[in-house]
Amino acid sequence: MTETSTNTPAGATGERAPWPAGRYGKRRERRAMPRAAVLALAAVTAVAMSAVGWQLFRAYGDGDYSASVTRFTDLSDDQVVITILVRMPADGTATCSLRARDAAGVEVGFEEITVSPGPDPARTQVTHRLVTSGRPVTGEVKGCRPA
């Protein structure tokens, strides 16, 4: 059996063992990131998150405007008639996105329409003929937002 020995002297707990001189190059000390770089990175992150938040609010945010399809009829090779129920404030006007999809799920028609409030703005019913590029199997409302 052979004995192995260490060339490192025993020292205080937590003390580093000495490196052989010139063997591993010069050790670098950790430097903290400059304060200006941290502030610039924080500012860029805040602006980016604000932009993402604004886009999400535009897409989903305003709960005063909503729509649902009550029926779709007159399916042919080049059209579908969609009836939607729109909920909006009494003094508001909505822009609603309508689309039609074929049997494969591909969008074959898209249009944005402007809806003015009816006698009961909470239940404004609108019927619209959507022209398509192929035979649709469904008509949908993607959503409504303030006009």
Side-chain angles (χ1 to χ4, degrees), residues 6 8 10-147:
T6 60
T8 58
T13 307
E15 188 178 307
R16 292 188 193 180
W19 296 95
R23 184 164 188 185
Y24 297 107
K26 195 173 182 181
R27 290 186 62 96
R28 294 184 188 168
E29 293 298 322
R30 290 185 178 225
R31 288 187 283 174
M33 186 179 275
R35 174 167 272 162
V38 171
L39 291 175
L41 184 61
V44 167
T45 302
V47 168
M49 295 305 292
S50 296
V52 169
W54 177 251
Q55 290 297 326
L56 289 172
F57 176 75
R58 284 185 47 203
Y60 305 108
D62 199 350
D64 292 338
Y65 294 82
S66 65
S68 59
V69 174
T70 56
R71 68 180 171 186
F72 55 93
T73 58
D74 297 336
L75 295 168
S76 68
D77 289 338
D78 60 353
Q79 76 171 13
V80 60
V81 176
I82 304 172
T83 303
I84 60 173
L85 182 65
V86 182
R87 291 171 184 84
M88 67 183 116
D91 60 344
T93 303
T95 299
C96 298
S97 302
L98 303 177
R99 76 173 173 180
R101 293 192 296 166
D102 66 7
V106 177
E107 187 175 282
V108 293
F110 180 84
E111 190 172 347
E112 287 195 341
I113 61 170
T114 302
V115 179
S116 299
D120 180 11
R123 300 183 53 80
T124 302
Q125 188 165 347
V126 177
T127 301
H128 182 76
R129 180 180 166 271
L130 180 63
V131 178
T132 62
S133 60
R135 182 165 187 80
V137 295
T138 186
E140 304 170 338
V141 58
K142 289 179 72 174
C144 292
R145 64 183 187 281

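Residue numbers count from 1 along this sequence. All heavy atoms count here, side chains included; hydrogens, waters and symmetry mates do not.
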Next item on the list: Scan Glu112, Glu111, Glu140 and name whichever one has a side chain to side chain donor-acceptor pair (under 3.5 Å) with Ser97.
Entry: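 Running side chain to side chain donor-acceptor pair (under 3.5 Å) over Glu112, Glu111, Glu140 with Ser97 returns exactly one hit, Glu112.
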
Note to self: For a quick check under 3.5 Å, do Ser116 and Thr93 share a side-chain donor-acceptor pair by atom type?
What the structure shows: no

Do you know which two heavy atoms are closest between [X] and [Y], and how far apart they sit?
X	Y	answer
Pro117	Ala90	CG-O, 3.5 Å
Ala100	Thr132	CB-CG2, 3.7 Å
Val86	Ala94	CG1-CB, 4.3 Å
Tyr65	Pro89	CZ-CD, 3.5 Å
Phe72	Val80	CB-CG2, 4.0 Å

Note to self: Closer than 3.5 angstrom, by distance alone: can the side chain of Thr124 be matched with the main-chain N or O of Gly118 as a donor-acceptor pair?
What the structure shows: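 Yes.
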
Next item on the list: Quickly, which of Leu98, Val115, Val141 forms a side chain to side chain contact (heavy atoms under 4.5 Å, CB included) with His128? Name it, please.
Entry: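 The side chain to side chain contact (heavy atoms under 4.5 Å, CB included) with His128 is passed solely by Leu98 among Leu98, Val115, Val141.
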
What's the spacing between [X] [atom1] and [Y] [atom2] if we round to 0.5 Å?
X	Y	atom1	atom2	value
Arg99	Ile82	CZ	CD1	10.5 Å
Asp102	Arg135	CG	CZ	11.0 Å
Arg71	Thr83	CZ	OG1	4.5 Å

Next item on the list: Dump the intermediate steps for side-chain contact (heavy atoms from CB on, under 4.5 Å) on Leu75 and Val137, then the final yes or no.
Entry: CA-CA 7 Å; Leu75 295 168; Val137 295; 5.7 Å; no

Next item on the list: Please step through side-chain contact (heavy atoms from CB on, under 4.5 Å) for the pair Ser68 and Arg87, ending with a clear verdict.
Entry: CA-CA 9 Å; Ser68 59; Arg87 291 171 184 84; 4.0 Å; yes

Next item on the list: Decide yes or no on side-chain contact (heavy atoms from CB on, under 4.5 Å) for Val131 and Gln79, but give the supporting numbers first.
Entry: CA-CA 4 Å; Val131 178; Gln79 76 171 13; 5.5 Å; no

